[in-house]
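All values reported here derive from a predicted model rather than from experimental measurement.
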Amino acid sequence: MSRLKQAYGTWSSPLSPKALADMLRLSDVQWDSNGETLVWMEGRGSRGVLVAQTGVQAARDLTGSDLSVRGMVGYGGGDFTVASGNVYFAGPGGRLYRQALASGNAAPITPAFGEASSPRTSADGKWLVFVHSYERKDLLALVDTQGAAWPRKIAEGTDFVMQPAWHPKGEHAAFIAWNHPQMPWDGTELRLLSLEYDRAGTPNVTANLTIAGDTNTAIFQPEFSPDGRYLAYISDAGGWNQLYIYDLAQKNHKQLTAGESDHGAPAWVQGMRVYGWTADSKSLLYRESKEGFTSLWRVDIESGKSIQIAGLDHYANFEQIAVSPTNNQVAFIGSAIQIPARVVTFAFDDVLIPATLELKSEMPNIQVLGDEHPAELIHKRATTENTPPSQLAEAKPISWKGHDGETVYGLYYAPRNDRYEGIGAPPLVVSVHGGPTDQVKATYSGAAQFFTTMGYAGLIVNYRGSTGYGKDYMNKLRENWGVYDVEDSASGASYLASRGLADPSKFIIWGGSAGGYTVLQSLVDKPGFYKVGVCLYGISNHFTLVSDTHKFEEHYSDSLLGTLPESAARYRDRSPGFHVDKIVDPVIIYQGEDDPVVPKSQSDSIVASLQARGVPHEYYTYPGEGHGWRKPETIEHYYNTVIRFLKQYVIFG
């Protein structure tokens, strides 16, 4: 079938702003203790809803319209846990609730003050440990699962705690702790609590020991083995996030993974899981990330041998890994460049298959690719998936030389639409991720697919400072925020243009939060390089950001820019608000009116200057929205206004 020749950026996309707005957010999935019921979390507009499915029965909502499930400590996460026929979740008023999976309504088990997240139940089902935050004090608390007694503090004295875990015999609890000015990817401690029980059966802490980590070593996700022998965790002590186990009896540590690949993640939210124990305690299932693409592996504890799980090659990203407590099944949120997020369960075989084998030819009895995946069950899809993968763009990892000759990484999307053929070179959307300590992986991006199917090329820049490429690469941004992110974005765009993959007169820079800051700083430092900027809740003043942002990030700039007042000159030099008169290129700015991270005043100050100087711009604020969009009407409006803006100033300007 012949394709219509039409200018890039003017193609009709098979996707629509409304379809993007109606996508579900799938944020977590967990098993009940019996391994029969699966519970997952769906974000529907501004509400968080828990959904349960037992066996092949129809899935059903657990929580009603009167309760929105959401942990609110820091950036959130750690919304719920499932055990012994009950789900425990964070809800309105900062309370924890209990609800039976079989039937009935939710009942609060903690008082309404502060915020709670990351609930975990003891093996006997009597106790719940959780993270609590109130009046700037974060701690680990304990409450009985019936909510009969007032919660008790069991670990405090550090600025932050996260990721609590119970020993299966109730002898210990473990968690992660750290203090300002560290962020959780800079340096944390793995704490091990020893517990004894009084005559009433109440656990009491008899020891609180740090067994791994320090101010320069980040530890992540402690998990006890089902038999109670080991405590697993992730550590970046060797320069990459690797998987370790600690023998509780022998008191020694063993590294299980190695090499230049990443097995962890920056702990931006509570409740993150990148691995899980098998029910027999003999192995761990974990994810491995290379150049933004992840795969699922299994490591044998005794031999240390790692083998890739066969049959999952169609996914390039695995989130919230949850291994069944009773059998060889794993649940996860899976996605790929052309596959939107799904809640998936997969039956992995007892036979470990080397990843180096040509599976189809050497083991024909195992079906790895194709239309059928007999071991895989898809329980929920984020979208209808009405658009076939063949009509969506692909992405490939690329690298290029930065302005100083060092290597930079990213993902490149070529324009794709079965109905059209472009003319010349396409406009390029340079997308800058937030954080800035983060990484864009090879997961489905509705925004990337929307614009590539309209005829835009896409470059997602994992600039120096991003995670996933080793600790040294991440630490490049220390005192260099506003330098490497700006330069790496520009050099990536130039690299693609030099190969005829992008039109250098039609560069667009796009980002939110820290990425929005890079948009503004790029327009300040490189006027005329980008045709337009698209800025979502971007930082414009580092001084006021430090004073106005939430507790989690109030010392983040200490490493990214330096401490105050010693580094005041750098703060001023890198703040777009002090140099806004240099912005002359068209820019469209979006801001949530209730943003606790980047307050609206940060955007207001930029817009005031643009308006006074007559710089082409548009400014949209959204009531009831915070640091990112949740309401479908907000998301739809956002896409519609961006399309119009780009057509006016890039495609036809």
Side-chain angles (χ1 to χ4, degrees), residues 30 32-34 71 73 78-91 93-101 104 106-135 137-158 160-177 189-211 222-231 246 248-249 251 270-271 325:
Q30 298 182 39
D32 188 18
S33 305
N34 60 12
V73 176
D79 305 294
F80 71 97
T81 193
V82 192
S84 305
N86 292 286
V87 60
Y88 302 88
F89 63 88
R95 309 182 83 168
L96 290 178
Y97 293 77
R98 183 192 71 252
Q99 183 167 336
L101 296 178
I109 59 174
T110 61
F113 75 99
E115 300 293 349
S117 75
S118 298
R120 296 289 296 269
T121 56
S122 57
D124 61 10
K126 295 180 179 179
W127 301 98
L128 198 72
V129 64
F130 63 99
V131 173
H132 191 260
S133 180
Y134 181 59
E135 294 183 338
K137 290 185 178 180
D138 290 22
L139 52 85
L140 211 60
L142 183 77
V143 69
D144 64 281
T145 52
Q146 300 302 307
W150 195 268
R152 295 190 297 116
K153 304 174 184 177
I154 62 169
E156 58 181 328
T158 57
F160 302 97
V161 296
M162 70 187 309
Q163 298 174 329
W166 277 98
H167 188 274
K169 296 180 180 179
E171 299 171 354
H172 300 281
F175 66 101
I176 301 298
E189 296 179 0
L190 172 55
R191 298 286 184 90
L192 182 66
L193 302 179
S194 296
L195 303 173
E196 290 186 357
Y197 294 75
D198 60 24
R199 291 183 178 180
T202 302
N204 295 283
V205 177
T206 59
N208 183 340
L209 301 176
T210 297
I211 61 172
E223 295 288 351
F224 291 98
S225 58
D227 63 6
R229 180 179 176 183
Y230 299 109
L231 177 62
Y246 175 73
L248 293 164
K251 295 181 171 55
Q270 297 273 344

Checklist line | Mutual orientation of the aromatic rings belonging to Y134 and F113 [parallel < 30°, tilted 30-60°, perpendicular > 60°] | finding: perpendicular
Notebook entry, point to check: Parallel, tilted or perpendicular for H172 and F224, by the 30°/60° rule?
Noted result: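 It falls in the parallel class, under 30°.
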Got [X] and [Y] here, is their nearest side-chain heavy-atom distance under 4.5 Å?
X: S84; Y: S33; answer: yes
X: D124; Y: W166; answer: no
X: L248; Y: H167; answer: yes
X: Q163; Y: P222; answer: yes
X: I211; Y: L231; answer: yes
X: Y246; Y: K251; answer: yes

Nearest-0.5 Å distance that lies between atom [atom1] in [X] and atom [atom2] in [Y]:
X: K153; Y: L140; atom1: NZ; atom2: CG; result: 12.5 Å
X: F89; Y: T81; atom1: CZ; atom2: OG1; result: 13.0 Å
X: D144; Y: I109; atom1: CG; atom2: CD1; result: 7.5 Å
X: F80; Y: L96; atom1: CZ; atom2: CG; result: 13.5 Å
X: L195; Y: S122; atom1: CG; atom2: OG; result: 10.0 Å

Item checked: Criterion side chain to side chain contact (heavy atoms under 4.5 Å, CB included) against D32, the qualifying member of V87, N86, V82 ->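 Answer after filtering V87, N86, V82: V82.
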Can you name the closest pair of heavy atoms from [X] and [Y] and give their distance?
X: Q270; Y: V161; answer: NE2-O, 3.1 Å
X: G78; Y: P119; answer: O-CD, 3.4 Å
X: N208; Y: F175; answer: ND2-CZ, 4.3 Å
X: P203; Y: W127; answer: CD-CE2, 3.4 Å
X: P164; Y: S118; answer: CG-O, 3.4 Å
X: A90; Y: A116; answer: CB-O, 3.4 Å

Notebook entry, point to check: Do any N or O atoms from the side chain of D79 and from the backbone of G71 form a donor-acceptor pair under 3.5 angstrom?
Noted result: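 Answer holds: yes.
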Check: Is there a donor-acceptor contact under 3.5 Å from the side chain of R98 to the main chain of T145?
Finding: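 Yes.
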Margin query: Before you tell me yes or no, could you show the steps for N204 and R152 under side-chain contact (heavy atoms from CB on, under 4.5 Å), namely the whole-Å CA-CA distance, both residues' side-chain angles and the distance that decides it to 0.1 Å?
Written below: CA-CA 10 Å; N204 295 283; R152 295 190 297 116; 3.8 Å; yes
Checklist line | Test log, rule side-chain contact (heavy atoms from CB on, under 4.5 Å), inputs H132 and F130 | finding: CA-CA 6 Å; H132 191 260; F130 63 99; 3.8 Å; yes
Next item on the list: Return yes if a side-chain donor-acceptor contact under 3.5 Å exists between E189 and T210, otherwise no.
Entry: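 The answer is yes; a qualifying pair exists.
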